[in-house]
Amino acid sequence: MAAVRAITQGLVRLGLLKGRVPSLIKEEAYKKFFMHRTGHWLGMDVHDVGDYKVGDQWRCSSPAWS
């Protein structure tokens with residue numbers, strides 16, 4: 001949550017978002033500019049793939065990811 005707060009504050013400072021940071025976070029306004037989670041840029045071995053559960057099924061890893 002700290003990363004989302006920092007990103008949202010930065011977007012407000014840059015003038016890309018307007019409003020109060022808590023409201024913008026609640027509305028997920030930052031997602032237009034930052035749709036991934038913070039682990040996205042770490043590499044495939046620790047890459048943030050998104051939701052690990054789709055519906056009631058766990059996401060299976062692919063042999064290609066090894």
Side-chain angles (χ1 to χ4, degrees):
M1 190 64 175
V4 169
R5 188 176 314 107
I7 289 164
T8 305
Q9 289 169 339
L11 290 169
V12 169
R13 275 191 290 256
L14 290 170
L16 296 171
L17 292 178
K18 296 193 184 309
R20 296 185 65 242
V21 170
S23 299
L24 293 168
I25 291 172
K26 187 175 181 179
E27 297 163 7
E28 298 184 331
Y30 62 90
K31 285 192 172 183
K32 179 178 179 183
F33 303 95
F34 192 81
M35 66 285 305
H36 301 289
R37 295 180 183 154
T38 55
H40 184 75
W41 300 107
L42 295 176
M44 288 302 291
D45 55 337
V46 291
H47 186 268
D48 183 352
V49 298
D51 293 331
Y52 290 94
K53 216 171 186 185
V54 179
D56 61 350
Q57 297 292 316
W58 287 100
R59 182 184 302 266
C60 297
S61 64
S62 167
W65 296 346
S66 297

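Just the heavy atoms: all of them, side chains too, but no hydrogens, waters or symmetry mates, feed the values below.
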Residue list, side chain to side chain contact (heavy atoms under 4.5 Å, CB included) with Arg20, at least two apart or on another chain: Pro22, Ser23
Sorted by chain and residue number, the side chain to side chain contact (heavy atoms under 4.5 Å, CB included) partners of Val12 (sequence neighbours excluded) come out as Leu17, Val21, Leu24
Drop me the distance from Leu11's CG to Phe33's CZ, to the nearest 0.5 angstrom. 6.0 Å
Taking salt bridge (Lys or Arg N to Asp or Glu O under 4.0 Å) as the test, write out the residues that go with Glu27, two or more places apart. none
Give the minimum heavy-atom separation between Met1 and Ile25, together with the two atoms involved. CE-CG2, 3.4 Å
